[in-house]
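These notes concern the structure reproduced below.
The chains referred to below are lettered A, B, ... by the order of the sequence lines, with proteins before strands, and numbering in each begins at 1.
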There are 2 protein chains.
Amino acid sequence: MARDSLETSPPVETVKRELRRAILDHRLPPGTRLTEEAAAGHYGVGRTVVRTALLSLSHDGLVTLERNRGAFVARPDPREAREVFEARSLLEPRAARLAAQRAVPADVEDLRRHVAEEHAALAQGDTGSAVHLSGLFHTRIAEIAAQETIASFVRALVSRSSLVIALYWRRHDTVCESHAHHELLAAIGRGDGAAAEELMQSHLVDLLSGLDLSDRVKPVSSLAKALQG
Amino acid sequence: MARDSLETSPPVETVKRELRRAILDHRLPPGTRLTEEAAAGHYGVGRTVVRTALLSLSHDGLVTLERNRGAFVARPDPREAREVFEARSLLEPRAARLAAQRAVPADVEDLRRHVAEEHAALAQGDTGSAVHLSGLFHTRIAEIAAQETIASFVRALVSRSSLVIALYWRRHDTVCESHAHHELLAAIGRGDGAAAEELMQSHLVDLLSGLDLSDRVKPVSSLAKALQG
DNA sequence: TCTTAAAAGATTGTGAACAATTGGCACGCG
DNA sequence: CGCGTGCCAATTGTTCACAATCTTTTAAGA
C-alpha cells in the first residue's frame with residue numbers, strides 16, 4: 001500500500017500534501033505564484049523543504065517551475081487539457097475493467113463510501129471538496145486494479161484534471177455527475193469488467209465534453225496568501 | 001519541443017542527464033548504491049545538485065530513495081516489470097497510430113536514422129547503446145504523435161524498461177529485433193496508422209515474452225565506482 | 001510624454017556547516 | 001557459543017549564508 005514508492009521525510013511530505021490539497025481544492029487557483037520563502041514561513045520550515053516539495057509537485061504537473069523566476073500553480077492550456085483526458089481514456093477504462101475483476105468486498109465498500117462523501121459534499125455546495133473526492137474515486141479504482149504503475153499515472157492525471165476543471169468547467173451545476181460514479185460502482189460491485197470499462201470510457205467523454213476549451217483566459221489571482229482561507 | 005516542461009538549472013540538468021545515461025547504459029547496474037557525496041565529488045558539484053537530480057530520477061522510477069538510507073539504482077521486481085509493459089501496451093500502440101497519421105518527412109527521416117544507429121550499435125556488439133537507442137526510437141514515436149502528456153509517460157516507461165531488460169533479458173542474441181522497428185518505420189512512413197498500431201502492439205508482446213520473469217535474484221554490484229568505466 | 005538605461009530590490013541557485021537518523025561493531029551477559 | 005545492548009562511524013535531512021539572475025523602479029535624455 002505504498003502510496004509513494006519513494007519515501008520522503010515527514011516535513012517535506014507534509015508540505016507536499018498540504019500544497020497539493022490546497023491546489024486541488026482550488027484554494028490556490030491556477031497561475032498563483034508560490035514563493036519559496038512565503039511558503040516556508042507559512043509552514044514553519046526552511047526553504048529547502050518547500051523547494052523539494054515544489055520539485056515533486058512539478059513532476060506531477062501541478063506546479064510549473066520557471067528558472068530563476070519561481071514556482072506557479074500549473075495553468076494547463078486547452079491543448080494540454082485535451083491531452084490529459086486523452087491519456088485518461090487510454091488508461092482508466094482498462095483499469096476499471098481490472099478493478100471490477102479484482103475488487104473484494106472491502107474495496108467495493110470503500111468506493112461506496114467515497115461516492116457517498118462526494119454526494120454529501122455536492123449537497124452542501126462544497127464544490128472544492130467534491131472535485132477532490134471525485135478524483136479520489138477515480139484514483140481508488142486504479143489502485144484496486146493493482147497496477148501500481150498505471151495507478152501512479154492516473155493519480156497524476158486526475159490531479160491535473162482538477163486544474164483543468166478549475167479553469168475550463170462549463171456546467172457549474174453538476175461537478176462530476178455522481179450518476180456515472182454510481183453506475184461504475186454498481187458494475188464493479190457485480191464484477192462486470194466489460195461494463196465497467198465501457199462506463200468509464202463514456203464517463204470520461206462526458207467529462208471532456210463538459211469543458212469549454214475556447215482560448216479565452218481566466219483572471220489570475222496574484223496573491224499567494226489565499227492560503228489563509 | 002520542451003523536453004522538460006519544468007526548466008531546471010544547467011548543473012542539475014547535466015548531472016541528471018549523466019546519471020540517467022549511466023543507468024540506461026547499464027554502467028550503473030540495478031541495485032547500485034548512489035552516495036550523494038561520491039556523486040558530488042565525481043561531477044565536481046555540491047551535494048545539493050546531486051540531491052535534486054536524484055529526486056528527479058526517482059520520479060521517473062530510475063532511482064529508489066530510501067529514507068535516511070540513500071539512493072539506489074532502481075531494481076524493478078518481476079511484478080513491476082510486467083506492469084511496465086502492461087502500461088506500455090496501453091499507451092504506445094495508440095501513440096504509434098497517431099504518429100503514423102501526423103508524421104512529416106523530417107520525422108520519418110529522423111526515425112530512419114535512429115534505426116540505422118541502433119543497427120550499427122548492434123553490429124558492433126554494443127548492447128548498452130543498442131538498448132538506449134532502441135528506447136529512443138520508441139520515445140521518438142510518442143513525441144511525433146504530438147501528445148506531450150503521453151510522451152512523457154512513455155519516456156518514463158521506456159527508461160524503466162531499460163532496467164527491466166538489464167535484469168530479466170533472456171535472449172542475449174537479439175536485443176530488440178530491429179526487424180520490428182523496420183516494419184514500424186515503414187508503416188509510419190506510408191501513414192498507415194492501423195498497421196502501426198498493430199505492429200507496436202505485437203512488438204511489445206514480443207518484448208515481454210523475451211523476459212525471464214521467474215523470481216531468482218541477480219547479483220548486486222556493491223561498488224558505485226563503476227562510473228569509472 | 002515616451003523611450004532608454006542603469007541601479008536597487010527581490011527571488012532563486014548553490015555550497016558549506018550543523019543536526020538527526022541509521023547501520024555496523026564490539027563488548028558483555030546468559 | 002549465541003544473543004542482546006550500547007557506542008561509534010557514516011550518511012542523509014535541514015538550515016543558513018552567499019552568489020547569480022531576474023524584475024521593477026527610477027531617473028535622465030530625446
By nearest nucleotide on DNA chain D, pick out whichever of B:Ala71 and A:Thr48 is the more 5' one. B:Ala71
Measure the distance from CD on B:Glu36 to P on C:dT14 and round it to the nearest whole Å. 15 Å
Check: B:His181/B:His114 side-chain N/O donor and acceptor closer than 3.5 Å: no
Go through D:dT12, D:dT15, C:dT11 for me and flag the one nearest to the A:Val49 side chain. D:dT15
Do any N or O atoms from the side chain of A:Glu83 and from the backbone of B:Glu148 form a donor-acceptor pair under 3.5 angstrom? yes
To the nearest Å, how far apart are A:Leu54 CG and C:dG13 P? 10 Å
Please determine, by modelled atom types, if A:Ser161 and A:Arg88 share a side-chain donor-acceptor pair under 3.5 angstrom. yes
Listed nucleotide nearest any side-chain atom of B:Pro11, set C:dT14, D:dC22, C:dT21: C:dT14
Roughly how many Å is it from CZ in A:Arg47 to C1' in C:dA10, rounded to a whole number? 11 Å
Could you state the CD-P distance from A:Glu66 to D:dT21, rounded to the nearest angstrom? 18 Å
Any A:Asp110 side-chain heavy atom under 4.5 Å of A:Arg140 side chain: yes
Starting at atom CD of B:Glu37, determine the distance to atom C1' of D:dG13, rounded to an integer number of angstrom. 14 Å
Check the distance between D:dT15's P and A:Tyr43's OH and give it to me in whole angstrom. 15 Å
Nearest-Å distance, CZ (A:Arg67) to P (D:dA20)? 13 Å
Rounded distance in Å - CG (B:Asn68) to C1' (C:dA20): 7 Å
Closest to the side chain of A:Arg51, out of D:dT14, C:dG13, C:dT11, is C:dG13
Where the side chain of B:Arg69 is concerned, which of C:dG23, D:dT12, D:dT15 is the nearest nucleotide? C:dG23
Please compare B:Gly70 and A:Gly44 by the position of their nearest nucleotide in DNA chain D and report the one closer to 5'. B:Gly70
Test your reading of the model: is there a side-chain donor-acceptor pair from A:His26 to the backbone of A:Ser162, 3.5 Å cut-off? yes
